[in-house]
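Sharing a structure here in structure tokens format.
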Amino acid sequence: MKSQQNQSLPISIFKPFYSHLQFTNILSCIIIFGCGLTLGIVLSFHLKSLSFNVNFTQVPLLPTQLQSLPPLPAALPPVPLVRHAGLAEYLKPAPIAHGMEDDELLWRASVSPRIPEYPFERTPKVAFLFLTKGSVPLAPLWEKFFKGHEGLYSVYVHSNPPWNETEPEDSVFHGRRIPSKEVSWGKVNMIEAERRLLANALLDVANERFILLSETCIPLFNFSTVYSYLINSTRTFVQAYDLLGPVGRGRYNSAMLPYIRVHDWRKGSQWFEMDRRLAVEVVADRTYFPLFQRHCKHACYADEHYLPTLVNMRFGASNANRTLTWVDWSKGGPHPNRFRRNDITVGFLERLRDGNGTRCEYNGEVTSVCFLFARKFLPCSLDRLLRFAPRVMHFNR
């Protein structure tokens, strides 16, 4: 019993001490928590004040710096409403007096739609391409030919640069001279001029047939007959024949191999007529024409061989293989016969209209209308041509 009292004595002695220690620990925790809370609140307000000062404190600018600042941009003007171009605007032909170089012109003219049907009403026109040295002295005759048929034809003139006179404003030739370059007889630049004429005419999507003429050419029939003959033809008209001897195959240059072989070589009249499809192929040709530029020189006359050879090689199936322009070679020599005033008679013109005794094929049938045009007629023949044209050629019909 005494022993149990002795064991409980230390507990009872230290009990007040343990109670005091527990109270001290609790009080210490409360004090530490209070200090931490106070410190956190103080730091939080301090950091917010620091952030505010950093964001809004700016370095003052010197007066010189203020002067160097760019001015504020002026208010932009209102953007005008853009009218979208329709198909008609896109198809509008380029002006005759354009500024395109040859390579630009040929590229533009070679752009051709692959869909054959036109999504708009289109009246096909005939493009009359005049390759001249200067003016067209027989223009009054052509005026009568074209009169009353506006909208069915286009006129283009390529003349040597020294000539820059203008035609009367009421003339069909007024303002129809295309940007031209020098042309020399028998030189390859004559083909360049022909391609230039074709390219300019191709810019008008309504042009369907293309006829090359000179300033000495005359029409043998009225416009209605010529227009119907060309528009309804299923063939092109490029003369091409194989000729042995020095003025035929003798002009061939073997440097044109392997693209052109001697048995492909052809000769023919310079005065062609073709449809739009062939015209595009001619202006787009980058295979055969460069060969003629490099290798058809001196005694090789490119205007007599380029188109006949090209058409024979690639488009012979659709070609009538004859020219529509009558020329008299009966006297021989490098140039055809020329006709003066006294040569012009009613009988002479009627013989030409009758094919001068020849017969040809047109759309599968034999006809006497083999030539629609004729050359070479000098300016002195104009008065008689004007006198006989209404009676023989039936102009104004």
Can Glu167 and Arg176 be counted as an ion pair, charged N to O under 4.0 angstrom?
no
Are Phe272 and Phe237, when compared by the centres of their aromatic rings, separated by less than 6.0 Å?
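Ring centres of Phe237 and Phe272 not closer than 6.0 Å.
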Passes side chain to side chain donor-acceptor pair (under 3.5 Å), Asn319 versus Thr236? Steps please.
CA-CA 5 Å; Asn319 184 45; Thr236 58; 3.0 Å; yes
Between His335 and Trp329, is the ring centroid distance below 6.0 Å?
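Not close enough - the centres of the two rings lie 6.0 Å or further apart.
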If the threshold is 4.0 Å, N to carboxylate O, is there a salt bridge linking Glu281 and Arg314?
yes
For Val369, does its backbone N or O pair with a side-chain atom of Tyr229 as donor and acceptor, under 3.5 Å?
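Yes; at least one donor-acceptor contact below 3.5 Å.
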Under 3.5 Å, is there a donor on one side chain and an acceptor on the other for Arg177 and Ser159?
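The criterion, which ignores hydrogens and geometry beyond distance, is satisfied for Ser159 and Arg177.
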Taken in chain and number order and not counting sequence neighbours, the residues that satisfy ring-ring contact (aromatic ring centres under 6.0 Å, His included) with Tyr156 are none
Looking only at the side chains, is there a donor atom on one of Gln239 and Gln270 sitting less than 3.5 Å from an acceptor on the other?
no
Which residue in the set Phe223, Tyr153, Phe221 passes ring-ring contact (aromatic ring centres under 6.0 Å, His included) when paired with Phe145?
Phe223
Are any of the side-chain heavy atoms of Ile218 and Leu138 separated by less than 4.5 Å?
yes
I want to know whether Phe130 and Trp142 have ring centres closer than 6.0 Å.
yes
Side chain Ser110, main chain Trp107, donor-acceptor under 3.5 Å
yes
Measure from NZ or CZ of Arg249 to the centre of the six-membered ring of Tyr252 and say whether it is under 6.0 Å with the direction within 45° of the ring axis.
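Not flagged: Arg249 not positioned over aromatic ring of Tyr252.
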Between Tyr259 and Trp265, does the ring centroid distance fall short of 6.0 Å?
no
Side chains of Arg375 and Ser214: is there a donor and an acceptor less than 3.5 Å apart?
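There is such a pair (donor and acceptor under 3.5 Å, judged by atom type) between the side chains of Arg375 and Ser214.
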Distance-only polar pair, side chains of Asn222 and Thr225, donor-acceptor under 3.5 Å
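Yes.
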Ring-face cation of Arg276 near Phe210 (centre distance under 6.0 Å, axis angle within 45°):
no
Do Trp271 and Phe373 have side chains that approach each other closer than 4.5 Å (heavy atoms only, starting at C-beta)?
no
Do Lys376 and Asp328 meet the salt-bridge criterion of a basic N to acidic O distance under 4.0 Å?
no
Pairwise side-chain contact, Glu215 with Pro137, heavy-atom cut-off 4.5 Å (strictly under)
yes
